[in-house]
Amino acid sequence: MDGMSDHEHKIDQDNHPPNAEERELREYPLDLAAADTKAKSGTGKQYWRSIEELAGDPHFEDMLHREFPRAASEWDESVDRRDFLKLMGASMALAGMAGCGRTPEQHIVPYVKQPDGLILGKPQQYATAMPFGADAIGILVESHEGRPTKIEGNPDHPSSLGASDSFAQASILDLYDPDRAKTPTYAGDIRTWANFQEVAQGLATSQKAVSGAGLRILTGTITSPVLAAQIQYVLKLFPQAKWHQWEPAVSDGSREGAKLAFGRYLNTVYRIEKANVILSLDGDFLSSGPGHIRYQKEFYRRRHLSGPGDEMNRLYAVEPTPSVTGSAADHRLPLKASEIEAFALAIAEKFEDYATKLHPKLSLLFSPNAVKFIEAVATDLQKNRGTSLVVAGEQQSAEVHALAHAMNAALGNVGSTVYYTEPVEANPVNHAESLHDLATDIHNGKVDLLLILGGNPVYDAPRDWAFSDFEQKLKKVHTVVHLSSHYNETSEFSRWHIPETHFLESWGDARAFDGTYSVIQPLIAPLYQAHSAFEVLAAFTDKPGVGSYDAVREQVKAILGGGDVEKNWRKTLNDGLIAGTAFAPVEAAAKFSPANLPAPKTAAKEELEFIFRPDPTIYDGRFANNGWLQELAKPTTKTAWDNAALVSPATAKRLGIGRTIASRGGEHGQVRSSVVNIELAGGKVTAAAWIVPGQADDVIVLPLGYGRMKAGETGSNKGFNAYSVRASEALWTATGGKLTVTDDEYPIACTQYHHNVEGRKIVSSASLEEYKKNPNFAHEKDETPPDGLTLYQDFQQLGYYKHYKWAMAIDLTKCNGCSACVVACQSENNIPVVGKDQVMRGREMHWIRIDRYYETGLPTQTDDAKNEAVEIPALYNPPAYFQPVPCQQCENAPCEQVCPVGATVHSAEGLNDMVYNRCIGTRYCSNNCPYKVRRFNFLRFQDWETPSLKLMRNPEVTVRSRGVMEKCTYCVQRINNVRIESEKDNGGVGREIRDGEIVTACEQACPSEAIVFGDANDPNSRVSKLRAQQRNYNMLGELNARPRTTYLGAVRNLNPDLEKA
Amino acid sequence: MSTEPRNTLYGVLGEFDSADALMAAARKIREAGYQCFDAFAPFPIPGLSEACGLHYGLKGWRHNFVPQLALLGGFGGGLTGFFFQYWVNVYAYPLNVAGRPLNSWPAFIPVTFELTVLGASTFAVFGMLALNLLPQPHHPLFTVPRFKRASNDGFFVCIEATDAKFNLAADAKFLESIGAKFVTEVRDED
Amino acid sequence: MVESPGCRPSKWRHPPQRIANMAQIFHRSTNFIARFSLFSAIFLAGLALTGILALARSPYFTRQNIFREQPVQFSHKHHVGDDGLDCRYCHTSVENSATAGLPPTKTCMNCHSVLFNNVGYLEPVRESFRTGESIQWVKVHRLGDFAYFNHSIHVSKGVGCSTCHGAVNQMPLMFQANTLLMQWCLDCHRNPEMALRPLDQVYNMDWKVPENQAEVGAKFAQERKIRTTVELTSCSTCHR
Amino acid sequence: MSEGPVNSPEIRRLARVLEPGYNYASVTDKIASIVLTRPVSLGWLAGFSVSFTVLMVLLGSIAWLIVKGVGIWGINIPIGWGFAIVNFVWWIGIGHAGTLISAILFLLNQQWRTSINRFAEAMTLFAVACAAVFPGIHVGRPWMAFYMFPYPSTMGVWPQFRSPLIWDVFAVSTYGTVSALFWFVGLIPDLATLRDRATNKPAQIIYGMLAMGWRGSARHWHRYQSAYLLLAGLATPLVLSVHTVVSFDFAVGIVPGWHTTIFPPYFVAGAIYSGFAMVLTIAIPLRKAYGLQDFITMRHLENMAKVMLATGLIVAYGYFMEFFLALYSGNKFDMYLVDQRLHGPYSGYYFALILCNIITPQLLWFQKVRTNVAALFVMSLVINLGMWLERFVIVVISLTRDFVPGAWGRYQATFWDYSTFIGTMGLFVSLLFLFVRGLPAISIAEMRELVAHKSEGDE
C-alpha cells in the first residue's frame, strides 16, 4: 500500500473498530492492481506501475513540467510514437498474420489481502452524489475491482429518481482525465502537500495577527453543510476574513426574484407532476437548473399515453432561442429575452386579480400572433387554477421571477404545483455583487491571501469595470491559493495551485434541490496528489491535515440524532442520502404586486440583442476538457466541438450570414459558416455564426464555456470566449453591441444538417386531438408488408426467438433530445472520442444518435439554403421532433446478408450480433444499413496508451481497435450477465428473467422514460404493451427489415385555440 | 537416366515445302500402311489430323481425350462448390443470417458456377498438356537443325522407328518419292 | 526403340548432324525434371497449407500440455491430490463470478504461516505478504479478450472443473489440458449433455464419464433447462 | 468448327486484316524480332521508368494505408465505399475485353480478332491484377482478409456465402486463373518459335522451358485446338458472369441506386465498352511504336469502334432504364435518387458521365471518325474516363443520399485516394512495357494461319 496518497493514510488513522462492511464501503484503489486480467490484458499491473510513478518517480516530474501532458481524450492525428507502434503492429501483422501470431506470456496479479465482500470479476455499486450548482444529483457508481467505470442515477434519490443527465454520465471521464493537475505547485514548481501545509500555517499565523483582514475566500455555489461549516469555522478563526461566491452560469435572477417577491432568499421547488398546464418564461427546467432530472421525469410521466383515452399535460414555452424544454413544448413562441417581462405582464394582466390594475394596452407591444398566444395561455392557465404552473427561466431577471411567483400565487398554484423552502445554498448571496466586492477589495489592496476554492474567475469573471483584467488584479494579491482539478487560466496567476479531488475521490456531502441531505463517498483514493476544499481550508486552521470523513460522519450523526450511530452511518452510505431531510415548505408572504412594476419597454425593432447562455454540453466551461461532452452534438443545433453565435434564419438573411456544406463530411459532418466580429461591453470577439430555426429574430445567442486557453489538450482553443464580451450589469441580456459579418468561413462540426424527413416513414406525429380521432395515425401510408408474407423459412421452428425475444420501444412523445442516453452509451460501451477533425469527416462513433427533424411543411428541402424564400418563413418557429436511433436489430437484417465473413449474424434471441474479432472491415454492412447506425474505426480512434483511460473502460465490453465495424448491441453484456444470474438461480435450474431486470444503458439514463427495453415474448412486459399500442410503428417499415426497435408516434397536446395558428 | 552416351535411331524425317504438300504426304504415308508417324507444322492445318488418322471422341480417345476431361472437371468443380456451401450453411455452423433460409441455394449459385468453369478449364488445359506428354523440352527431333523451321515455315513428316514396317533406307526413299525435298534420319544421341 | 542396323554411316546421315547437337537445348534428363517439378510444386503447395493449418492447432500455438515456470512452483497435485483441498478453497469466486479467481497471498499464508513456514521455495509468498507486493503468476489458461467465458454458469449447470482443466489433481505444475480453441468450445456447446455431471460431482477431479453419459446427460440437460444448441452457439453467447 | 477459320466463305468480302506481301517467315521475323533482336529503345526505357516510378507511388500509398488505416481515404459513414471500389470495378471492367475478344470472337469465327487478341489478353490479365489490389487493401484489417477464403479455421467458422463479396472472391480469382491459362495456351506455339529463333543460350533456355518442348506435331495441334476451343467456350460465360457478380455487389444491396435488376446486363455491356476503349488506347500507340500497322489494320480499329458504339448504346439504354424504372415503380427513394443525380450536389459528375459515355460516342456513327486514328484514340480515353465516372456515380452518389435524411453525408477524395488510383495505372503500364519486350505482342501462329488462308485466297 506504499505510495498511496495521504488521504489513504488518513483513512487508516480514523480510529474506528475496523469493521468489515465499512471497509467494503470504503474501497481503496490498490485493489485495482488486482483487476483480473479479464479487465483487458494486465491493465491492473500497468496501473500499479503508474501509481508508483506517482509516488515520486523522477520521470514523473518531467512529465509534469511539460506544459500539456499528452491528452488522450481527443484523438490526434499527428505522426508520433503511436504511429510508430501502429507501423510495428501492422508490419508484424502482415508478417505473422496477426491471427495466428504467438502471443507473449501474460501475468495474473492477485491481491495480497483481498478486501472482504469483493468478488473478483463482479462489479459493485456504490451510492454517492454529484454536486452540481445548487443541487446534488444522486448517483450509483459501478466499480470493477475498485475502478469506478459507470455512473447511473440513484432511484432512491429525489433529484434523479434513477435517471441521470449527460453531465453526470460524463463526469466519470473527468475523474480519469489525463490532463488533470497531478501535484501541488508553487509558482509552477512541484511541491508536496506537506510543503503547502507548512506555508499555509505560516500564512495563517500572519493573518491571525490582523484577525484575517487580508483573507478572502472565493467559492462557487455551496450546498455542502460540511464544507460550509468548515468555511464558517475559518471565518470564526479570522473574524475579518470574507467569503465571496461566484458561479458564472447561475443567474442571480432566481435569488433576487425571491427576495423581490418575498423579501428574502427562498428556494423554489416545482411539483411538475401535479401541473396540467405549464408556462415556461424562457425556462429550461427540463435540462438545466436544480432538479431538472426529476422535473423531466415528472413532466413526461404526465405525458405517458397507454392509449387514445389518456390525457397529457400541456407546456407553453416563450423563449428567445430553442432550448430542450422549448423544443419539447406543445406551443412555443420565440420572443426576445427582453420582451419576456412584458409578455409575463401581459399574461398577468388577463387574470381577474390584476385586470385593469396593470399597464393597459400591453398587448399592443406584440404581434397579432403573439397576442393570440397570450390570450390562449392566459385562459388555459386560469382554466387550470391550482393545477397550472408558471416557471421563470434561470437567466431571466428578478422581475420576471417575481412575476412568476405572483402569477403562481394568483393561480393558487403555491402549495400544489410549486412550494418554497429555505435556501438550499449554505450561504445565498448575490454573486455579481459578491464578486464585485472582492474585486474592489483587491483593487484597493486590502487582500493579501486569497483562497480560490474551485472555479476559474480569470476566465469567467465579467469583463468590465473593476474586472477589466482580473489577472492584473490577482497580481496585487500577495498569495493566491487556487484549488482546481486542472491547471487552468486562474492557476497561471496563482502562487499556489492545489489539484482538486474529483467527487468520486473524496468525502463530502451536499443538499439536493429540495434540501435532501446527500452523502458523497469516494470510490477510489485520489489518482494524483489531489485534495478537497475542506482539506485546503483545514490547512489554515488549528487542525491541519484533518479530512472531511469525520465531519461527514458527525454531520450524519447530527441529522439522525440518537440511535445506533454505526448502523445509521452504514445505511446512509448505502442509500447515498438521508431520507426525509428535504426542507419543509415555508409560508412565503407575497411582498410584491405586478402593479408595482414600471411599464416594460420592448427592444427597438432590428436592434440586436445579445444573450448569454450556458453551453448545453460543456456548461460554463468546467466540462471543456471532457471529450465525451465536447463530441456530444448539442441537442438543438447538432453541432459539436465549438460554440457559435446563434442567429435566426431571417436575421441571418438580413445580416448576410450564410453557410455552405463542405464536400468533406457534408450534411453528416461539416458545414462552413460565416465568421462574425462582435463588439460588446468594450470587448471584441470573433465567432462563427450558426443559423438556428425557431430562434427569435434579432437575437444573437453567445454560449458560454468555450474559448478556453488552458483547459487541457481537449478543451483548449475551441470555439470563442463569450465571457470576453460579458459585462457585469448585463450578465445575461445585452444590447448596444455591434456585429459585423466577415468574408471568412469557419468549419463547424455538425452531425446532422438535413432536417427534413422528405415525406418518408421516419417520424410520425399527431396532435392529441388527431390521435383521439385517429389512434392509428402512425400507420397512415404505412407500406409495411404483413408478417406472413415471406418465402423464407421460419426461424422460430429452428428454435430462434423461442425463449426470449428482445425488443426496444422508443416513445417519440417523450424524447426531447437531452442526449443523456448518448453519453451513457459511450460510457457503458467504451466508445472512443474521435475529435473535431474526424467528426467533420462524418466519422463520429456514437452508437445511439439523436436525429432532429423540423416540421417545416416544406415538401422537400435540398442541401443548401437555395430556396430561402420558402425556407425562412417555414423555419421561423418549426415544431421539432427528436428521434433516438440505436441499432434497429432487424430480423431480416440487411447488414448480415452482405457480410462476407459472417461477423454480424443473428442470435437466438433476435439480437443482431456484432463479432468484432471476426470483422475484417469491408464496411459493406454499413452501406447496406438503411438506418446508418453502424460505426467504423476508420483509424485507431481508441486510446491504447494512456493508463488512466484504461482504468475507465468497462471490462464487460470488448475494446475495439482500428479497422473494425461496431454498433449498438442492446447492451448484450448486461443481457448476458442478467441471464447467467437468472439461470444459476434455484440451484442451477434457473428462472425466467423478470421484466425490467435488464436495463440498457440508454434506457437507464433516460430521464423521460422514452426508451423501454424488454422481452417481446412476454405479453406483460412493458415493451410488449408499448409494441401493442397503435402508435407503435417501424421506421421505414416498407423495407421489410423487421426492426426490433420500434417507435411510438409523437403526440403533442395542442391547444385547439392555437392549433394551426 | 543412364549415363553412358546412347545413340538410338528415332526415325526418319522428311521436309515438305507447303501445307498442302504436307497434307498429301501424310495421306500417302497413311495409305502406305504406316502407323507410327507424325506430321509437324508451324500452325494448325485443318484436316491434317484426319489425314494422319487421328480421331475425335471416345473412339479416338487416345488421340483426343480433352473434352471428356473438361466435362469431368466441370462436374467435379460444380458439385464440390454447391455441396460445400450447403454443408457449411446447413451442417457445419447453421446461423441465422438476415433471416434467410439456411440453404439459400440461389445465393450459392454464383460460387457453384465459378467453380464449374474453373474445374473444366484447368482440366482441359492440364489434360491437353499431359496427353501431349508435355513438358518435354528434350526430344530427338530437336537434334535436326532444320527442324527449327517447324516453328516458323517448315512442314515435316517423321516416320518413327517404332513403326512395325520401319526401315530406314526404304522409308527414306519413300519420303523422297512422295516429294520430301530434304530427308534425314533422326538419332536420339548425346 | 528399335536399334538401328549398326552404327555405320549411311547416306541419310548429313555431315551437319555432328554440330547439330547444338540444336538440343536440354539434356534428356530435363524431361523428367520438368514433369517432376510440376507435380512436386503442386504437392508442396498442398503440404504447406496443411502444415499451416496443423500448426495453428499445435501446442506451439495453443500452448496445450505445456508446463509454465511459476514464481512459486505451486503443485496442484500436492494440494488437491494429496491434501485433498477443495477447488473453492482458493478459487473462491468460481460459483459466483465469471472468473474463478486467484487466491490472495493471504490464503497461502493461512496455512503456510504455520506449515513449511521457513522453507526457501516459499520465500516469494512470505515476501509478498510482508511487502504487499503481489506474486505475479504466469497465466496458464488464456482466452482472447473478446471471448467472455463465465465460470459460474458452467459449474452451476454441472460442467465439472476437470472437463476443461483436466485432472488437475495429478498436475505437479499447472498446464493447459485442452486446446481452448473455439472449435473445442463449440463441441460442448453443440452437445452439452456430454459434459454434464451430477451437481455434487462438479469439483470431483476423479469423476469418470459413465458409458450411458448420453442419456444421463440428456436427463440433466432437461432438468437444468440447458439452453438449446441454437442459443448456445449464438455469437453473443461468448462475444460482446 | 474443326476446320478453323481458314475456309469460312465470307472472309474474302471483308477488308484486309493483314496487309499483302507477307509469308510465314516474314510474319515470324517481323513479330519475333520485336522481342529477340530489336535493341531496347530509349522510348521504351523512358516509358518504363516513368510507369515504374508511378508503381512505386502505389506501393508507398499502400504502405501508408497499412500504417494508418483506411481513414486516410475520404470514406466515412454513410459513404463506406469510395475510390477503392470504384477503381476495382473500373479495372475489372477493362479486364473484360481481352478474354472477350479472344473467346467470343473466336467462337464467332471472326478473323479480325487474330492480331489483337494476344495483347488484349495480356491487358486483361494486368487489369485484373490492378483490380485485385483493391479488395485486399480496402478492408479495415487487410491482415485478416484471409477470413474471406474457405479454409478450415480453428474457429469452426466459414465464409458467409450469401455475401456478394465472397462471390467476388471466387469470380475474380477464377477469372484471373482462366484468363491466365487461356493466354498461356495461346502463347505455347509462339514460345516454341522464340525458342527456336533465340540466338543466345539464356533466351533459348527460358523460352524453351516455357514452350515445354512444343513440336507442333499433328497430335499436339489436334488436342491443342480442342483445348483452346473448350477454353473459349468456357471463358465466354465466365467473362459475362464476372461483371454480373461484380454488379451483384450493388444489386444485392438495398441502397437506392444499387438495388436494381438491370445491373448485370448493363454492367457487362459497360465492361465491354470500357474494355474495348482500353484496347484501342493501347493498340494505337503500340502499332505506331513497333510499326505493326500491317497487322493491326484500320479494319481492326474500325471494328472495335463499332463494338464500342454498340455497347455504348446498351449502356445508354441502361441509364435510361434506371430513370424509367425509378419513375415507373413509383419507389420514392429511387425517384429521389434520380432527382439527386440531376439536381443534387454531384450532378456535375452525372452530366460529365452522360457527355463521355453517351454523347461523344455517337460520333462513331460516322466512318470518317471510325477510321481516324487520332480521333479514335481521344475517344477511347474519353470513354475510359466516362466509365470511371459511371462507377463513381453508382458507388458514391447512391450512398450519399439513402434512406434516412438525418444520416445523409458527402464524400471527398483525399490525396491518398488519388495516389492509390494513379499508382495502379503505374502497375498496369509497367506490366505492359515488360510484356511487349518479353513476349510476342501478336500471335505469330495465328498470323501464319492468316497468311495460309490468304495464299489460298490469292490462288
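Letters go in sequence order (proteins before strands), and every chain restarts at 1. Heavy-atom basis, side chains included; hydrogens, waters and symmetry copies ignored.
If you tally non-hydrogen atom pairs under 4.5 Å between each of Asp190(D), Thr244(D), Leu231(D) and chain B, the highest count goes to Leu231(D). Between chain D and the options Ala70(B), Ala124(B), Ala150(B), Ser104(B), the largest number of non-hydrogen pairs under 4.5 Å is found for Ser104(B). No other option in Met209(D), Arg195(D), His220(D), Arg215(D) has as many heavy-atom pairs under 4.5 Å with chain B as Arg215(D). Counting heavy-atom pairs closer than 4.5 Å to chain B, the top-ranked of the candidates Arg197(D), Arg448(D), Glu446(D) is Arg448(D). Among Ala171(D), Ala211(D), Ala445(D), the residue with the largest count of heavy-atom pairs under 4.5 Å with chain B is Ala171(D). Looking only at heavy-atom pairs under 4.5 Å with chain B, the residue among Gly233(D), Ala25(D), Ala192(D) that has the most is Ala25(D).
Below 30°, between 30° and 60°, or above 60°: for Tyr24(D) and Phe43(B) the angle between ring planes is between 30° and 60°, a tilted geometry.
Looking at Trp167(D), its side chain does come within 3.5 Å of a backbone N or O of Ala107(B) through a donor-acceptor pair.
When every heavy atom of Pro110(B) is checked against every heavy atom of Val245(D), the shortest pair comes out as CB-CG2, 4.3 Å. Across all non-hydrogen atoms, the minimal contact from Ser151(B) to Thr193(D) is O-OG1, 3.0 Å.
Here the CE-OH distance, from Met155(D) to Tyr93(B), works out to 11.0 Å after rounding to the nearest 0.5 Å. Here Leu118(B) contributes atom CG and Tyr175(D) contributes atom OH; the two are 14.0 Å apart, rounded to the nearest 0.5 Å. To the nearest 0.5 angstrom, Phe113(B) atom CZ is 4.5 Å from Ser241(D) atom OG.
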| query | Asn132(B) and Arg223(D): side chain to side chain donor-acceptor pair (under 3.5 Å), yes or no, with the steps? | reply | CA-CA 8 Å; Asn132(B) 282 348; Arg223(D) 301 196 179 91; 2.6 Å; yes
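Looking at Phe182(D) and Ser121(B), their side chains never come closer than 4.5 Å, going by heavy atoms from C-beta outward.
Contact annotation for Leu129(B): only side-chain heavy atoms (C-beta onward) come within less than 4.5 Å of a heavy atom of chain D. Proximity to chain D is absent for every atom of Phe123(B), based on heavy atoms less than 4.5 angstrom apart.
The ring of Trp158(D) has its center closer than 6.0 angstrom to the ring center of Phe84(B).
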